[in-house]
**Student:** 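Below are the C-alpha coordinates for one structure; questions will follow.
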Amino acid sequence: MSVKILMVCLGNICRSPLAEGILTSKLPKHGFFVDSAGTGTWHVGNAPDTRSIATAKRNGIDISHQRGKHFKPSFFKEYDYIYVMDINNYQDVLQMAKTETDKQKVRLILDEVFPGENLDVPDPYHGVQLNFDQVFDMLDEACESIAKKLLKKQS
Ligand code: 4NP
(Lines give C-alpha, C1' and ligand atoms only; values in the text may rest on other atoms or scores of the structure.)
Protein backbone atom coordinates (compact mmCIF):
# COMPACT_ATOMS: atom_id res chain seq x y z
CA MET A 1 0.00 0.00 0.00
CA SER A 2 1.21 3.50 -0.83
CA VAL A 3 1.94 6.26 1.64
CA LYS A 4 -0.43 9.06 0.64
CA ILE A 5 0.50 12.72 1.09
CA LEU A 6 -1.75 15.71 0.40
CA MET A 7 -0.55 19.30 -0.08
CA VAL A 8 -3.16 21.98 0.69
CA CYS A 9 -3.39 25.73 0.00
CA LEU A 10 -6.25 28.16 -0.65
CA GLY A 11 -6.68 28.15 -4.43
CA ASN A 12 -4.79 24.95 -5.36
CA ILE A 13 -3.22 26.78 -8.29
CA CYS A 14 -0.05 28.41 -6.88
CA ARG A 15 1.58 26.85 -3.78
CA SER A 16 0.18 23.33 -3.32
CA PRO A 17 0.64 22.33 -6.99
CA LEU A 18 4.31 23.29 -6.61
CA ALA A 19 4.57 21.31 -3.37
CA GLU A 20 2.94 18.31 -5.07
CA GLY A 21 5.34 18.47 -8.02
CA ILE A 22 8.43 18.97 -5.87
CA LEU A 23 7.69 16.16 -3.40
CA THR A 24 6.71 13.80 -6.24
CA SER A 25 10.10 14.48 -7.86
CA LYS A 26 11.92 13.50 -4.65
CA LEU A 27 10.16 10.20 -4.00
CA PRO A 28 10.21 6.90 -5.87
CA LYS A 29 7.07 6.31 -7.95
CA HIS A 30 6.39 3.02 -6.29
CA GLY A 31 5.03 3.23 -2.74
CA PHE A 32 4.13 6.91 -2.61
CA PHE A 33 1.19 8.98 -3.86
CA VAL A 34 1.32 12.77 -3.66
CA ASP A 35 -1.66 15.00 -4.49
CA SER A 36 -2.90 18.53 -3.73
CA ALA A 37 -6.15 20.36 -3.00
CA GLY A 38 -7.48 23.80 -2.09
CA THR A 39 -9.75 24.98 0.70
CA GLY A 40 -11.44 27.32 -1.82
CA THR A 41 -13.52 26.25 -4.83
CA TRP A 42 -12.70 28.99 -7.40
CA HIS A 43 -10.15 26.99 -9.36
CA VAL A 44 -11.58 23.47 -9.30
CA GLY A 45 -10.72 21.79 -12.60
CA ASN A 46 -8.19 24.49 -13.56
CA ALA A 47 -4.52 24.01 -14.40
CA PRO A 48 -1.97 25.58 -12.03
CA ASP A 49 -1.17 29.31 -12.37
CA THR A 50 1.12 29.87 -15.37
CA ARG A 51 3.74 31.39 -13.03
CA SER A 52 3.84 28.21 -10.92
CA ILE A 53 4.11 26.13 -14.09
CA ALA A 54 7.02 28.35 -15.27
CA THR A 55 8.95 28.23 -12.00
CA ALA A 56 8.53 24.44 -11.78
CA LYS A 57 9.61 24.00 -15.41
CA ARG A 58 12.76 26.03 -14.86
CA ASN A 59 13.58 23.59 -12.07
CA GLY A 60 12.94 20.54 -14.25
CA ILE A 61 9.46 19.71 -12.91
CA ASP A 62 6.30 19.51 -15.02
CA ILE A 63 3.13 20.39 -13.11
CA SER A 64 1.03 21.43 -16.13
CA HIS A 65 -1.10 18.25 -16.04
CA GLN A 66 -2.40 18.98 -12.51
CA ARG A 67 -6.01 20.13 -12.05
CA GLY A 68 -7.55 22.00 -9.12
CA LYS A 69 -9.47 20.03 -6.48
CA HIS A 70 -11.45 21.11 -3.46
CA PHE A 71 -10.46 19.70 -0.06
CA LYS A 72 -13.09 17.24 1.18
CA PRO A 73 -13.50 15.88 4.74
CA SER A 74 -13.14 12.35 3.30
CA PHE A 75 -9.49 13.22 2.54
CA PHE A 76 -8.71 12.74 6.24
CA LYS A 77 -9.30 9.02 5.80
CA GLU A 78 -7.67 8.85 2.38
CA TYR A 79 -4.34 10.51 3.21
CA ASP A 80 -1.64 9.71 5.76
CA TYR A 81 -0.10 13.19 5.85
CA ILE A 82 -1.74 16.53 5.09
CA TYR A 83 0.67 19.46 4.68
CA VAL A 84 -0.86 22.94 4.67
CA MET A 85 0.86 26.08 3.39
CA ASP A 86 -0.31 28.64 5.95
CA ILE A 87 -2.13 29.15 9.21
CA ASN A 88 -5.44 29.97 7.48
CA ASN A 89 -5.30 26.68 5.58
CA TYR A 90 -4.47 24.99 8.89
CA GLN A 91 -7.54 26.43 10.61
CA ASP A 92 -9.84 25.73 7.64
CA VAL A 93 -8.71 22.10 7.38
CA LEU A 94 -8.72 21.50 11.12
CA GLN A 95 -12.34 22.69 11.33
CA MET A 96 -13.30 19.70 9.20
CA ALA A 97 -11.40 17.18 11.33
CA LYS A 98 -13.62 14.78 13.26
CA THR A 99 -11.11 12.79 15.30
CA GLU A 100 -7.79 13.30 17.04
CA THR A 101 -6.22 11.05 14.36
CA ASP A 102 -7.56 13.41 11.66
CA LYS A 103 -6.07 16.41 13.48
CA GLN A 104 -2.68 14.84 13.91
CA LYS A 105 -2.34 14.31 10.17
CA VAL A 106 -2.32 18.08 9.54
CA ARG A 107 0.98 19.97 9.64
CA LEU A 108 2.24 23.36 8.55
CA ILE A 109 4.73 22.49 5.83
CA LEU A 110 7.42 24.98 6.95
CA ASP A 111 7.43 23.33 10.38
CA GLU A 112 9.53 20.68 8.63
CA VAL A 113 12.34 23.23 8.33
CA PHE A 114 11.54 25.61 11.21
CA PRO A 115 9.83 23.46 13.85
CA GLY A 116 7.44 25.29 16.14
CA GLU A 117 7.84 28.68 14.44
CA ASN A 118 4.43 28.51 12.72
CA LEU A 119 5.73 30.10 9.53
CA ASP A 120 3.51 30.57 6.45
CA VAL A 121 4.45 29.92 2.84
CA PRO A 122 3.40 33.39 1.56
CA ASP A 123 0.63 33.37 -1.03
CA PRO A 124 2.26 34.59 -4.29
CA TYR A 125 -1.05 34.93 -6.19
CA HIS A 126 -1.04 38.75 -6.15
CA GLY A 127 2.74 38.91 -6.55
CA VAL A 128 5.26 38.56 -9.38
CA GLN A 129 7.34 35.71 -10.81
CA LEU A 130 10.09 36.29 -8.23
CA ASN A 131 7.61 35.51 -5.45
CA PHE A 132 6.85 32.17 -7.11
CA ASP A 133 10.59 31.41 -7.33
CA GLN A 134 10.95 32.19 -3.61
CA VAL A 135 8.01 29.92 -2.81
CA PHE A 136 9.65 27.18 -4.89
CA ASP A 137 12.86 27.43 -2.85
CA MET A 138 10.99 27.28 0.48
CA LEU A 139 8.97 24.27 -0.65
CA ASP A 140 12.01 22.56 -2.08
CA GLU A 141 13.74 22.70 1.30
CA ALA A 142 10.64 21.52 3.16
CA CYS A 143 9.99 18.69 0.68
CA GLU A 144 13.61 17.57 0.90
CA SER A 145 13.14 17.13 4.62
CA ILE A 146 9.75 15.39 4.19
CA ALA A 147 11.14 13.00 1.57
CA LYS A 148 14.13 12.10 3.77
CA LYS A 149 11.82 11.39 6.70
CA LEU A 150 9.40 9.28 4.66
CA LEU A 151 12.19 7.27 3.05
CA LYS A 152 13.84 6.66 6.41
CA LYS A 153 10.54 5.39 7.83
CA GLN A 154 10.28 2.89 5.00
CA SER A 155 13.77 1.49 5.39
P1 4NP B 1 -2.75 29.44 -3.73
O2 4NP B 1 -2.94 30.96 -4.22
O3 4NP B 1 -3.60 29.28 -2.48
O4 4NP B 1 -1.30 29.31 -3.45
O5 4NP B 1 -3.22 28.56 -4.87
C6 4NP B 1 -4.21 31.49 -4.49
C7 4NP B 1 -4.71 31.40 -5.76
C8 4NP B 1 -5.94 31.96 -6.06
C9 4NP B 1 -6.66 32.59 -5.06
C10 4NP B 1 -6.15 32.67 -3.78
C11 4NP B 1 -4.92 32.12 -3.49
N12 4NP B 1 -7.93 33.16 -5.36
O13 4NP B 1 -8.49 33.85 -4.48
O14 4NP B 1 -8.43 33.02 -6.46
Side-chain angles (χ1 to χ4, degrees), residues 3-27 32-98 102-147 149-150:
V3 178
K4 297 181 78 179
I5 305 117
L6 184 72
M7 302 297 189
V8 178
C9 64
L10 176 60
N12 192 209
I13 54 165
C14 298
R15 292 166 293 175
S16 60
L18 278 174
E20 175 188 336
I22 294 167
L23 186 61
T24 301
S25 77
K26 293 181 188 291
L27 290 170
F32 296 95
F33 177 73
V34 188
D35 208 345
S36 65
T39 57
T41 55
W42 313 284
H43 301 287
V44 169
N46 293 354
D49 189 285
T50 52
R51 297 163 295 178
S52 278
I53 293 176
T55 228
K57 194 174 174 193
R58 263 210 302 278
N59 287 278
I61 297 172
D62 180 14
I63 63 166
S64 63
H65 58 280
Q66 294 183 22
R67 292 296 177 267
K69 279 183 290 301
H70 186 215
F71 183 91
K72 290 191 287 194
S74 63
F75 289 175
F76 282 112
K77 285 231 163 12
E78 232 175 279
Y79 290 90
D80 303 298
Y81 300 92
I82 298 171
Y83 287 103
V84 296
M85 302 296 127
D86 65 33
I87 200 73
N88 290 323
N89 309 149
Y90 186 82
Q91 285 162 353
D92 290 343
V93 168
L94 228 65
Q95 262 185 359
M96 290 180 254
K98 290 199 178 70
D102 289 352
K103 284 183 189 163
Q104 279 168 8
K105 290 184 179 183
V106 189
R107 295 164 196 193
L108 267 177
I109 195 165
L110 288 187
D111 260 24
E112 290 294 322
V113 191
F114 305 103
E117 294 197 24
N118 292 339
L119 293 176
D120 290 344
V121 177
D123 188 347
Y125 185 56
H126 294 289
V128 296
Q129 188 68 53
L130 172 68
N131 302 116
F132 285 75
D133 296 342
Q134 289 165 338
V135 163
F136 185 97
D137 291 344
M138 286 177 209
L139 291 175
D140 191 51
E141 204 179 335
C143 289
E144 186 67 30
S145 162
I146 293 168
K149 223 161 67 175
L150 292 175

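This structure is a prediction, so every number in the text was calculated from the model and none was measured. Start at 1 and go down the list; that is how both ligands and their atoms are numbered.
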**Student:** Would you say the side-chain atoms of Asp120 pair up with the backbone N or O of Ile87, donor to acceptor, closer than 3.5 Å?
**Tutor:**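 Yes.
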
**Student:** Check side-chain hydrogen bond (donor to acceptor under 3.5 Å, both in side chains) between Thr41 and all other residues, then give those that pass, not counting sequence neighbours.
**Tutor:**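 Partners of Thr41 by the side-chain hydrogen bond (donor to acceptor under 3.5 Å, both in side chains) criterion come out as none, since no residue qualifies.
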
**Student:** Partners of Ala97 by side chain to side chain contact (heavy atoms under 4.5 Å, CB included), sequence neighbours excluded?
**Tutor:**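 With sequence neighbours excluded, Ala97 shows a side chain to side chain contact (heavy atoms under 4.5 Å, CB included) to Phe76, Asp102, Lys103, given in chain and number order.
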
**Student:** Show me the donor-acceptor pairs within less than 3.5 Å that the side chains of residues 12-22 make with the rest of the protein, sequence neighbours left out.
**Tutor:**
| residue | atom | partner | partner atom | Å |
| --- | --- | --- | --- | --- |
| Asn12 | OD1 | Lys69 | N | 2.8 |
| Asn12 | ND2 | Ser16 | OG | 2.9 |
| Asn12 | ND2 | Ser36 | OG | 2.9 |
| Arg15 | NH1 | Asp86 | OD2 | 2.9 |
| Arg15 | NH1 | Val121 | O | 2.9 |
| Glu20 | OE1 | Ser36 | N | 3.3 |
| Glu20 | OE1 | Ser36 | OG | 2.8 |

**Student:** Is Arg51 reaching over with its side chain to a backbone N or O of Asn131, donor-acceptor style, under 3.5 angstrom?
**Tutor:**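 A pair under 3.5 Å: no.
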
**Student:** How about Glu141: does its CD atom have over 12 heavy atoms from other parts shown lying under 6.0 Å from it?
**Tutor:**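 Not more than 12 within 6.0 Å, no.
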
**Student:** Could you pull out every N or O of ligand 1 that sits under 3.5 Å from a protein N or O, with the distance for each pair?
**Tutor:**
| residue | atom | partner | partner atom | Å |
| --- | --- | --- | --- | --- |
| ligand 1 | 2 (O) | Asp123 | OD1 | 3.0 |
| ligand 1 | 3 (O) | Leu10 | N | 2.9 |
| ligand 1 | 3 (O) | Gly11 | N | 2.8 |
| ligand 1 | 3 (O) | Arg15 | NH2 | 3.0 |
| ligand 1 | 4 (O) | Arg15 | N | 2.9 |
| ligand 1 | 4 (O) | Arg15 | NE | 2.8 |
| ligand 1 | 5 (O) | Gly11 | N | 3.4 |
| ligand 1 | 5 (O) | Asn12 | N | 3.2 |
| ligand 1 | 5 (O) | Ile13 | N | 3.0 |
| ligand 1 | 5 (O) | Cys14 | N | 2.9 |
| ligand 1 | 14 (O) | His43 | NE2 | 2.8 |

